[in-house]
Amino acid sequence: MSATFAPATFSLPASDAATAVPVTITSVTLGSTNFAPASAIATAAQATVALSVLADLLRERGHVVTVGDGMLDVEGFVLRPWLDGIDDGNGLCRSYTQIAASHPQLGDEPIVEYQFGHGNDTGEALRRGFENWYMLDFVVLLDALRETPQHCKTMSWSADEAKDPSTGTPLSPCSYRVLFGPIHHFLGDPSRLAEGEDPGFCPCCLFTQSMDAFRPLLSQGRLIPARLFVSRQADGEIAADCRINGEDYAPVRDALARWAGEWTDRGLEWRKQYVIAQPV
């Protein structure tokens, strides 16, 4: 395996900067398109609100948006938001959504990811979930279309030379451009960081620390959109999550959990990132 880093600047414009909002994910069933609690099933009216909230957010970010039947056309993408549910009780509203993004340059299959939001009402909860999706996911999807990414650091990756096990014929190695999206990093007690101390990871760490687990996917030569999350509680309990195009992928999840076990103890800490490995 060989990998080289492109000298790209890793930063978000001021308009995209935001404070990470902790979200508790209770469970996601493998292959399920309905991950909201049974009591949180959405109404048709709420689904219409979700489409409108996403359209308004994209327009505020400077995009030209065309609204269709349950979909949005923006920057060549067809976005189909799906509202799985709204849970409005105990003074806090929670939204459970997913967005399927399709673009001809990124393959025939839509790229799916889930969003979780909370707020004082439906609109605020949806807005918060979609804002996080925009800052973590959509900026990466947009950069995947650009020869020179604007928001993502990149890495070139090539598989080692291999031979067909049946014939012994040399196989063409798969090569990728890996785009590293902005990282949401939460540290419960910032005072544990000494002045000027590096937090101990870089934009590529979530991927490179689990690269061996990614290797079977990287050998297939297909687009790999990955949502990565790992946390360690103040008591040392570790939680991790990896979804490849919205589906749970245990090998990377387990690798991330092992890596978190090596972190310096700084109390509650979590890291979240969207990564796209793009065949070239």
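Numbers here simply count residues along the sequence, with the first being 1.
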Short side-chain to backbone donor-acceptor contact, [X] and [Y], under 3.5 Å:
X	Y	result
Gln98	Glu113	no
Thr154	Arg177	no
Arg232	Thr264	yes
Tyr176	Met155	no
Asn90	Leu92	no
Glu124	Asn120	yes
Ser210	Leu206	yes
Asp143	Gln150	yes
Glu269	Gln233	no
Asn245	Val112	yes

Looking only at heavy atoms, what is the nearest atom pair of [X] and [Y], with distance?
X	Y	value
Gly70	Pro81	O-CD, 3.9 Å
Cys242	Leu228	SG-CD2, 3.7 Å
Val230	Ala260	CG2-CB, 3.5 Å
Leu51	Gly68	CD2-O, 4.2 Å
Ala55	Val67	CB-CG2, 4.3 Å
Ile183	Cys202	CD1-O, 3.8 Å

May I ask you to test the [X]-[Y] pair for a side-chain heavy-atom distance under 4.5 Å?
X	Y	answer
Asp88	Cys93	yes
Leu72	Thr66	no
Tyr249	Leu217	yes
Phe180	Gln273	yes
Leu179	Gln278	yes
Ser231	Ile238	no
Leu223	Ile276	yes

Spacing of Asp121 atom CG and Leu126 atom CG [to the nearest 0.5 Å]:
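One finds 9.0 Å between CG of Asp121 and CG of Leu126.
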
Please report the interatomic distance CD1(Ile99) to CG(Asp137), rounded to the nearest 0.5 Å.
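Answer for the CD1-CG pair, Ile99 versus Asp137, is 8.0 Å.
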
The test is side chain to side chain contact (heavy atoms under 4.5 Å, CB included); show your working for Phe130 and Gln115 and say whether it passes.
CA-CA 7 Å; Phe130 289 150; Gln115 301 81 44; 4.0 Å; yes

Verify whether one side chain among [X] and [Y] offers a donor that lies under 3.5 Å from an acceptor in the other.
X	Y	value
Glu75	His103	no
Tyr134	His63	yes
Arg128	His118	yes
Asp84	Trp82	yes

Which residues pass the side-chain hydrogen bond (donor to acceptor under 3.5 Å, both in side chains) test with Asp212, not counting sequence neighbours?
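Asp212: side-chain hydrogen bond (donor to acceptor under 3.5 Å, both in side chains) contacts with Arg215.
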
Distance flag, aromatic centroids of Phe138 and Phe77, threshold under 6.0 Å:
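Yes, they do, as the ring centres are separated by less than 6.0 Å.
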
Parallel under 30°, tilted from 30 to 60°, perpendicular over 60°: which one fits the rings of Phe186 and Trp270?
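Taking Trp270 first and then Phe186, their aromatic rings lie parallel (interplane angle under 30°).
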
With salt bridge (Lys or Arg N to Asp or Glu O under 4.0 Å) as the criterion, how do Asp241 and Arg227 come out once you've worked through the C-alpha distance, each side chain's angles and the decisive distance to 0.1 Å?
CA-CA 8 Å; Asp241 184 41; Arg227 168 64 66 79; over 6 Å; no

Could you walk me through whether Glu131 and Arg127 satisfy the salt bridge (Lys or Arg N to Asp or Glu O under 4.0 Å) test, starting with their C-alpha distance in whole Å, then the side-chain angles of each, then the deciding distance to 0.1 Å, before giving a yes or no?
CA-CA 6 Å; Glu131 282 179 337; Arg127 171 83 184 200; 2.8 Å; yes

Grouping I, L, V, M, F, W and Y whenever their side-chain heavy atoms are under 4.5 Å apart, do Leu79 and Met71 come out in a common cluster?
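Result: no, two separate clusters.
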
Side chain to side chain contact (heavy atoms under 4.5 Å, CB included) between His151 and Leu142: does it pass, once the steps are laid out?
CA-CA 9 Å; His151 304 301; Leu142 289 172; 5.9 Å; no

